[in-house]
Amino acid sequence: MTSDTDHLTVVTHPLVQHKLTLMREVETSTAKFRQLLREISQLLAYEVTRNLEMTSKTIETPLQSMEAPVLDGKKLALISILRAGNGLLDGILELVPAARVGFVGLYRDEETLQPVQYYFKVPESLEDRLVIAVDPMLATGNSSAAAIDLLKQAGATNIRFLCLLAAPEGVARMKEAHPDVPIVTASLDEKLNEKGYIVPGLGDAGDRMFGTK
Ligand code: URA
């Protein structure tokens, strides 16, 4: 169940929406938040991998042979945008265990307010893979757009972006910078507040999943 524009897909499935509500609640513990994130990431992964290319191979069932569908092409690449991306990554990897994994680390320069790269390690042959970049919160979109810039510089041409929550500002920024990168999310929230938090949101996703507050 989704609500689509060509650039943004909001996964409206009841299980996703129910789990998201539990995650938003301020009383939800770190352990519960992490468990819900793992569950919801698998449901979102189902959506973001919906049109993977398929081929077929001949197999033998106990009864007869058949042409059966299998995924085509090189293993997909999951790219976690540190640090909160790791929370989405774990659940998706349970569903797509053979995926290759990369990491992009960016911090915000206090003076220029621009994202600066501090870590970048991605699988080889990105140009031949579907690349799914994951970060739970698409807020201003500045670091997400910068991460996608880096992935494109590394050769990626077929990229999707998966997040839990998106702010309209972040979606607009991504659409302007990377109109070729579809976004899948569980919710398009109302706006960013003056501190750059998504509202109503769920707070700092990294702090909530790692218990660092
Ligand atoms: N990052 C977060 O973790 N939360 C927000 O609301 C915005 C950015």
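Order of appearance sets the numbers: ligands from 1, and atoms from 1 within every ligand.
- Heavy-atom separations between Ala84 and ligand 1 are all 4.0 Å or longer.
- Within ligand 1, counting atoms from 1 as listed, the ones closer than 4.0 Å to a heavy atom of Gly203 are 2 (C), 3 (O), 4 (N), 5 (C), 6 (O).
- Smallest separation of non-hydrogen atoms from Arg34 and Met209: NE-O, 2.7 Å.
- At least one N or O atom of Ile198 sits closer than 3.5 Å to an N or O atom of ligand 1.
- Of the heavy atoms in Ala139, only side-chain atoms (C-beta onward) come closer than 4.0 Å to ligand 1.
- The environment of CD in Glu124 is sparse: at most 12 heavy-atom neighbours from other residues, nucleotides or ligands sit within 6.0 Å.
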Stepwise side chain to side chain contact (heavy atoms under 4.5 Å, CB included) check, Lys152 with Val131 = CA-CA 10 Å; Lys152 287 184 174 174; Val131 174; over 6 Å; no
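- Residues Val184 and Val48 approach most closely at CG2-CG2, 3.8 Å, considering heavy atoms.
- Taking a cut-off of under 4.0 Å to the non-hydrogen atoms of Tyr197, the atoms of ligand 1 that pass are 4 (N), 5 (C), 6 (O), 7 (C).
- Here the rule is side chain to side chain contact (heavy atoms under 4.5 Å, CB included) with Phe161, and of Val171, Leu8, Ile183, Ile132 only Ile183 fits it.
- Each of the atoms 7 (C) of ligand 1 lies under 4.0 Å from some heavy atom of Gly196.
- The N/O atoms of Met137, backbone and side chain alike, include none that comes under 3.5 Å of an N/O atom in ligand 1.
- Summarising the geometry of Thr61 relative to Met66, their closest heavy-atom pair is CG2-SD, 4.0 Å, with the distance given to 0.1 Å.
- Looking from atom 3 (O) of ligand 1 to the surrounding protein, the closest heavy atom is Ala205 N, 2.8 Å.
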